[in-house]
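We name chains A, B, ... by the order of the sequence lines, and we start the count at 1 in each one. Not measured: the values here are computed from a predicted model. Just so you know, these numbers use all the heavy atoms, side chains as well, and skip hydrogens, waters and symmetry mates.
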There are 2 protein chains.
Amino acid sequence: MSSYERTCLIRGDGGRAIRGILDRIGDKWTLLVVATLDGERMRFTELQQRIPGISQRMLTRTVRQLERDGLVERQVFAEVPPRVEYALTDTGRTLIKPAVALAEWAIEQNPAIERSQDDYDARQG
Amino acid sequence: MSSYERTCLIRGDGGRAIRGILDRIGDKWTLLVVATLDGERMRFTELQQRIPGISQRMLTRTVRQLERDGLVERQVFAEVPPRVEYALTDTGRTLIKPAVALAEWAIEQNPAIERSQDDYDARQG
DNA sequence: CGGGATCCTGTTGGATACTG
DNA sequence: CAGTATCCAACAGGATCCCG
């Protein structure tokens, strides 16, 4: 299968597949939460501490959507004070590989991209 | 390298790598434009016709940012009426592979995700 | 401890009209 | 044809306060 044929996976159905996944992981925190949970079950507060800058509200929302999508499992313990643990599901773990591929791309290409931006900005205003 | 070690690529530097790439391609149209340009040099209007729903304004903005990032090359012909052609650069082409991997993930996992969402919504309100 | 409710801001992106 | 300029609605996301 050629690269050109494979991009039909992206364009297919008017781009609804790509749109769906970007709605899911294209936001500010989702991939970071998934990556942080990789290989480790974790409590809410610990998760928050490991993701610098995330607000309580956004962590709650992010983790809730991940739970709804079935990528993260949420386990509540009937204790006082409450204890809630999060972990990736099997489905959630399958996201790691393509996400890492994307991060690798970002790290590899970043120098070239920044150079291009500087050139562009120098040519324009 | 284990999956766990690889997720450091995502979390590394407080997630700045992933944040950078998502700022770049996490928007509504960028990946669709890149996928549409895969293997084909194209004029502005044709590009717009092949991406259903995109407005003139958003196509302009998207393609401009891609040009600034060095992922797309923009060639203006000194003619009347004007003719402008767009094509992926070598750097731009390198994005195809991880993007397709992500689309494949989306298509594979979508049934499971939708089932999970239905279950979740049924349990809640 | 792990949230929910509320308020407020900046940004994204659509619609429309105009132009070299 | 390939934009630019302007206006506007929707939403993402931060700050803050409250609660079982």
Problem set entry | Inter-end axis angle, the helix from C/dC1-D/dG20 to C/dG20-D/dC1, with every axis fitted to five base pairs (rounded, 10 degrees) | 50°
For this session: Could you walk me through whether A/Val72 and A/Leu88 pass the side-chain contact (heavy atoms from CB on, under 4.5 Å) test, one step at a time?
Result: CA-CA 4 Å; A/Val72 158; A/Leu88 289 187; 3.9 Å; yes
For this session: Quick one, give me the B/S/- string for nucleotides 6-18 of chain C, reading 5' to 3', where B means a protein heavy atom under 4.0 Å from the base and S means that only happens at the primed atoms, P, OP1 or OP2.
Result: B------BBB---
Problem set entry | Any residue meeting side chain to side chain donor-acceptor pair (under 3.5 Å) with B/Thr30, in chain and number order, not counting sequence neighbours | B/Asp27
Distance-only donor-acceptor pairs under 3.5 Å for side chains of residues 8-17 of chain A, two or more places apart:
from    : atom 1 : to     : atom 2 : distance (Å)
A/Arg11 : NH1    : A/Thr7 : OG1    : 3.1

Seminar exercise, completed: Applying salt bridge (charged side-chain N to carboxylate O under 4.0 Å, His left out) to A/Glu108 and not counting sequence neighbours gives none
Problem set entry | First and last nucleotide of DNA chain D, 5' to 3', lying under 4.0 Å from heavy atoms of chain B | D/dC1 to D/dT6
For this session: Could you walk me through whether A/Leu32 and B/Arg19 pass the side-chain contact (heavy atoms from CB on, under 4.5 Å) test, one step at a time?
Result: CA-CA 9 Å; A/Leu32 276 171; B/Arg19 204 74 52 77; 3.1 Å; yes
Exercise. Are the side chains of A/Asn110 and B/Arg24 in touch, meaning some heavy atoms are under 4.5 Å apart?
Worked result: yes
Problem set entry | Residues in contact with DNA chain C, drawn from residues 71-88 of chain A - heavy-atom cutoff 4.0 Å | A/Arg74, A/Pro81, A/Pro82, A/Val84, A/Tyr86
For this session: Using the side chain to side chain donor-acceptor pair (under 3.5 Å) rule, collect all pairs that involve residues 96-105 of chain B, keeping only residues at least two apart or in two chains.
Result: A/Thr94-B/Trp105
For this session: Please work out which residues in residues 36-51 of chain A have a non-hydrogen atom less than 4.0 Å from an atom of DNA chain D and list them by number.
Result: none
Problem set entry | Criterion side-chain contact (heavy atoms from CB on, under 4.5 Å) on A/Arg68 and B/Asp121, from CA distance to verdict | CA-CA 8 Å; A/Arg68 188 172 103 97; B/Asp121 294 345; 2.5 Å; yes
Exercise. Does B/Ser116 reach the main-chain N or O of B/Ala112 with its side chain, forming a donor-acceptor pair under 3.5 Å?
Worked result: no
Problem set entry | Side chain to side chain, B/Leu102 and A/Ile25, heavy atoms closer than 4.5 Å | yes
Which donor-acceptor pairs under 3.5 Å do the side chains of residues 73-82 of chain B make with protein atoms, sequence neighbours left out?
from    : atom 1 : to      : atom 2 : distance (Å)
B/Glu73 : OE1    : B/Arg41 : NH2    : 3.4
B/Arg74 : NE     : B/Tyr86 : OH     : 3.2
B/Gln75 : OE1    : B/Arg41 : NH1    : 2.8
B/Glu79 : OE1    : B/Arg83 : NH1    : 3.2
B/Glu79 : OE2    : B/Arg83 : NH1    : 2.6

Exercise. Are B/Val84 and A/Tyr120 linked, directly or through other ILVMFWY residues, by side chains that come within less than 4.5 angstrom of each other?
Worked result: no
Exercise. For the side-chain contact (heavy atoms from CB on, under 4.5 Å) test, which of B/Asp69, B/Asp38, B/Leu71 pairs with B/Leu95?
Worked result: B/Leu71
Exercise. For B/Gln49, which residues count as a side chain to side chain donor-acceptor pair (under 3.5 Å) partner, sequence neighbours excluded?
Worked result: none
Enumerate donor-acceptor pairs with a distance under 3.5 Å from any side-chain N or O in residues 53-66 of chain A to protein atoms, sequence neighbours excluded.
from    : atom 1 : to      : atom 2 : distance (Å)
A/Ser55 : OG     : A/Met58 : N      : 3.2
A/Thr60 : OG1    : A/Gln56 : O      : 2.9
A/Thr62 : OG1    : A/Met58 : O      : 2.6

